[in-house]
Amino acid sequence: MESRSLERFADRVVLVIGAGSGMGRSAALRIASEGGHVWVADIDEDSAKKVAAEIDEAGGRAVGVRLDAADVQALTDLYARIDREHGVLHAVHYQVGIPGPAGLAVSEDEWQRTMDVNMKSAYYATTLCFDLLERAGGKGSITMTSTAAAIIGSPRSPIYSMTKGAILPFARSLALIGAKRGIRVNVVAPGMVETPMLSSFFPGARDKDPAELMASFRSSVPLGRGAQPEEIGNVIAFLNSDDASYLTGVTIPVDGGATIA
């Protein structure tokens, strides 16, 4: 039987956008533990540098940088820096999103901010890197995190389902373009995940006990619990590795069965 290396990302350069906490952090740690040189990017610079330090202390390689993913110039500058320092990029994971306002009464300012964070950032974060990924010699990969609410809908925040739902067909389009350039594109759609941001994903429920809300969510999940960030990070690492070399244009729900309930 052919043996498999435990270092699926040896000699590979990987950018994780939104890696300062939660699922992004878990993906960065997992990829670094398998040999990847990880660029840890987050709008919270201190968090990004803390995660990079965790990786360094564990014997890995990482750079922590501040990045506002909705700032096109900041994205352009970061990719230019990676180009100067490495000349290639093997994988990009995009882990950015806000729940947006609850209900149907959404101001134009709220609407625009949600579009910028959930859609504008997704578009530019994954298109500005194509030339760098193409230099990976057929090993280029993009993953994006959407949500199970993009598949089944959110009764609390329709704008969240709309903006994160747009990622699914967008990824399929990118996958068709990327196939000719040696770049795969896939999506992870988590359900309930036990992260520091979880309470912010209960829009319009500030007057309710978050613990009760989370208990209600858990009871609706066939597996009876929320995911741990590592369980999402493991799937992200898999999709960006050669183990997923024949997967592209796919959305994988990682939701404990929520989308089939």
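Only this structure's heavy atoms are used, side chains among them; waters, hydrogens and symmetry mates stay out.
Not counting sequence neighbours, the partners of Glu85 by the salt bridge (Lys or Arg N to Asp or Glu O under 4.0 Å) test are Arg81. Remark: Arg113 engages no residue in a side chain to side chain donor-acceptor pair (under 3.5 Å) (not counting sequence neighbours). For Asn240, the side chain to side chain donor-acceptor pair (under 3.5 Å) partners two or more places apart in sequence, or in a different chain, are Ser141, Thr143. Under the side-chain contact (heavy atoms from CB on, under 4.5 Å) criterion, Ser154 pairs with Ala149, Arg156, Ser157, Ser161, not counting sequence neighbours. Qualifying side chain to side chain donor-acceptor pair (under 3.5 Å) partners for Glu57, counting only residues two or more places apart in sequence or in other chains: none. Looking at residues two or more places apart in sequence or on another chain, you find a side chain to side chain donor-acceptor pair (under 3.5 Å) between Thr163 and Asn118. Residues passing the side-chain contact (heavy atoms from CB on, under 4.5 Å) test with Ser173: none are found, sequence neighbours excluded.
The minimum heavy-atom distance linking His90 with Arg12 is given by the pair ND1-CA, 3.4 Å.
Applying the salt bridge (Lys or Arg N to Asp or Glu O under 4.0 Å) test to residues at least two apart or on different chains, none of the pairs has a partner in residues 86-111. For residues 118-136, the set of pairs meeting the salt bridge (Lys or Arg N to Asp or Glu O under 4.0 Å) definition, not counting sequence neighbours, comprises Asp83-Arg135, Asp131-Arg181, Glu134-Arg181.
No side-chain donor-acceptor contact under 3.5 Å links His37 to the backbone of Val13. A donor-acceptor contact shorter than 3.5 Å links the side chain of Asp42 to the backbone of Gly20. Between the side chain of Lys49 and the backbone N or O of Gly64 there is at least one donor-acceptor pair closer than 3.5 Å. Counting only distance, with no hydrogens or angles, the side chain of Arg184 and the backbone of Leu239 share a donor-acceptor pair below 3.5 Å. With hydrogens and angles ignored, the 3.5 Å screen pairs a side-chain donor or acceptor of Tyr79 with a backbone N or O of Ala125.
Under the 4.5 Å side-chain heavy-atom criterion for ILVMFWY residues, a single connected hydrophobic cluster contains both Val187 and Phe130. Side-chain heavy atoms closer than 4.5 Å link hydrophobic residues (I, L, V, M, F, W, Y) into clusters, and following such links, even through other members, never connects Ile31 to Met23. If you chain together hydrophobic residues whose side chains sit under 4.5 Å apart, Leu168 and Tyr94 fall into the same group.
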task = Test Ile55 against Leu29 for side chain to side chain contact (heavy atoms under 4.5 Å, CB included), laying out the working first.
result = CA-CA 6 Å; Ile55 291 171; Leu29 293 176; 3.6 Å; yes

Side-chain atoms of residues 244-251: list all donor-acceptor pairs with protein atoms under 3.5 Å, sequence neighbours left out, distances to 0.1 Å.
{"residue": "Ser245", "atom": "OG", "partner": "Asp242", "partner atom": "O", "Å": "3.2"}
{"residue": "Thr248", "atom": "OG1", "partner": "Val185", "partner atom": "N", "Å": "3.0"}

Sequence neighbours left out, cut at 3.5 Å: what donor-acceptor pairs do the side chains of residues 226-237 make with other protein atoms?
{"residue": "Glu231", "atom": "OE1", "partner": "Arg225", "partner atom": "NH1", "Å": "2.9"}
{"residue": "Glu231", "atom": "OE1", "partner": "Gln228", "partner atom": "N", "Å": "2.8"}
{"residue": "Glu231", "atom": "OE2", "partner": "Arg225", "partner atom": "NH2", "Å": "2.8"}
{"residue": "Asn234", "atom": "OD1", "partner": "Arg30", "partner atom": "NH1", "Å": "2.7"}
{"residue": "Asn234", "atom": "ND2", "partner": "Glu230", "partner atom": "O", "Å": "3.2"}

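With a 4.5 Å cut-off between side-chain heavy atoms of Ile, Leu, Val, Met, Phe, Trp and Tyr, the cluster of Met115 takes in Val106, Trp111, Met119, Ile159, Met162.
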